Amino acid sequence: MPRYLGIDSSTQSCKGMVIDTDRPAIVLHLKIDYKEDLPAYNSPDGFLPSEDALVRHSNPLMWVEALDLLFERARKSGFDWSTVEGISCSGQQHGSVYLNANHAGARWTATRPLAEQVAPLLSRQTSPIWMDSSTAAECAEITEAAGGEVQVLAITGSRATERFTGPQIRKFYKQEPKVYETTARIHLVSSFMAYLLTCVADTPIDFGDGAGMNLLDLARGEWSELMLAATAPGLREKLPPPTASDRLVGPIAPYFVERFGFRPDALVVASSGDNPCSLVGMGAAMPGAHVISLGTSDTYFAAMPTVRTDAHGYGHVFGNPAGGYMSLICFKNGSETRAKIAARFGLTWQEFSDAISNTPPGNGGNAMLPYIEAEITPRVLRPEVRLFGTPEFKAWQDAAAAVRAVVEAQALSMRLHSGWIGERPPALLVTGGASENDGILQVFADVFQARLRRLSVADSAALGAAMRAAHACGRIAWEELFRQFAVPDPKAIEPDPQAAAVYERALIEFAQRLEDMRS
Ligand code: XUL
């Protein structure tokens, strides 16, 4: 009964999934929700309140406590952790955790909660996360010091990007040089999780998540001397070693054995980012499949056999945990923005879906630029919503039109900005919380003129992490794991061919409105 655990430490929750590769089946799937389960951290959306809309930080101890709670809840419900042979973690990308020199010799004691033991090891109390857009100045400085945008893109696969870890580290170094100096290790959220599980001081960062830092030389799989020097002094010593995603980090720390009943020889595999893990969980790690993920962030990604970068500077190249590379484009105004429109009109998700069914493709000309939050793609640093269309719509008095307008804008923007990824296959895979909503999916199918297929299992990042553990520890072939777990739901969402011409026109209008907004 070989069983493997995937943990996804994401923006709003921590999810755990255990797969049994003999049956094959998912034998445990549970979630710790930061809003519901850990209200003391005052982070209902996964980040701390901030006066500056561009600053988004979280308390890393919330992620630590969520891990304990996940294990404890499953144990109490009768789940036997000793049946798990291998573990791997997924983490929200780009976020970073700052530890002092004491982390190296730390050993967890089973008698005290983990968060209590990690607290004194933090050199910085909060962690900037992927939603932070406050480093425009640092991006410019890094770009100049490294020899220009083309050079940064060629080395790291992305231009210097506000939420990426390198610019965030530079900002920290500039604002708090003394605390930067006392920082002995900077982890990504994902590698921090593997450090917690193993206590191995040199817990590595994998190429999948490491590529989201503007520090990794993608071609060589090493930290780039040029990018390190352009970012902050003494940075190399503070970073964990970069590694392939299937590297074994070590056995699980005795804390988890004594406290929750894990077996002492359960192995922990290097962590990766949530999008690289999702690529695996969707069965899309071999070139050919493209994925739309509709979650806290909306993303579009695909496996990429050889590196191709986005000349417009929005797209990214990350390592593919199954080998080679992946492309990705990320939109910050995802689920939260849909939820805010729903909340403005007091709509349930069913009503939100019905509103889409009751309005035509093209929305009778009612359109939106939906930047409630600062946006990553396209870069919008001052949040702003613009409405175009009937007076009623522009006065926020037409709920159904507002719902369709926000989803159409999201789909049009995704189509507009994902062209560099290459020829789109006729069917796209979809995942993420909002992919359960048929109305939302119909708009994406119509805008892309592509059939959309969900998988039968939600939470593709946690599933992908579990599959990575099975591949690395159990030597199970990728093809076998995809066949067993990445099973498409038989019901597909078909595009309406009559919407094609409407959206060709809407795409041109949308691009023009974006231009106007940014000029
Ligand atoms: C990807 C990105 C987001 C986060 C969400 O570059 O910033 O998708 O990974 O957790």
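Every number for a ligand or one of its atoms is a count from 1 in the order of the listing. Here the structure is a predicted model, which is why all the values come from computation and not from measurement. Values below: every heavy atom of this structure, side chains too, minus hydrogens, waters and symmetry copies.
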Just to be sure I read this right, does ligand 1 sit under 4.0 Å from the backbone of N275, its side chain, both, or neither, counting only heavy atoms?
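Side chain only; the backbone of N275 stays clear of ligand 1.
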When you look for heavy atoms under 4.0 Å from ligand 1, do you find them on the side chain of L328, its backbone, both, or neither?
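For L328, only side-chain atoms sit under 4.0 Å from ligand 1.
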Can you tell me the protein heavy atom closest to [atom] and the distance?
{"atom": "atom 8 (O) of ligand 1", "result": "S297 OG, 2.8 Å"}
{"atom": "atom 7 (O) of ligand 1", "result": "R163 NE, 2.8 Å"}
{"atom": "atom 5 (C) of ligand 1", "result": "D274 OD2, 3.3 Å"}

Are [X] and [Y] ion-paired here, with the side-chain N under 4.0 Å from a carboxylate O?
{"X": "R185", "Y": "D202", "answer": "yes"}
{"X": "E436", "Y": "R454", "answer": "no"}
{"X": "D37", "Y": "R73", "answer": "yes"}
{"X": "E384", "Y": "R382", "answer": "no"}

I need the full list of ring-ring contact (aromatic ring centres under 6.0 Å, His included) pairs touching residues 413-436, with sequence neighbours left out, sorted by first then second residue.
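Matches after skipping sequence neighbours: Y314-H417.
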Which atoms of ligand 1 have any heavy atom of [X] under 4.0 Å away?
{"X": "C330", "result": "1 (C), 2 (C), 3 (C), 7 (O), 8 (O)"}
{"X": "Q92", "result": "10 (O)"}
{"X": "H94", "result": "1 (C), 2 (C), 6 (O), 7 (O)"}

Could you label the plane-to-plane angle of the W63 and F192 rings as parallel, tilted or perpendicular, counting under 30° as parallel and over 60° as perpendicular?
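Perpendicular.
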Quick check: T299 and ligand 1, any N/O pair under 3.5 Å apart?
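No; every N/O pair is 3.5 Å or more apart.
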In terms of heavy-atom contacts, does CZ of R451 have more than 12 from other residues, nucleotides or ligands at under 6.0 Å?
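No.
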Compute the minimum heavy-atom distance from S10 to ligand 1 and say whether it is under 4.0 Å.
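Checking ligand 1 against S10, which is what was asked, there is no heavy-atom contact under 4.0 Å.
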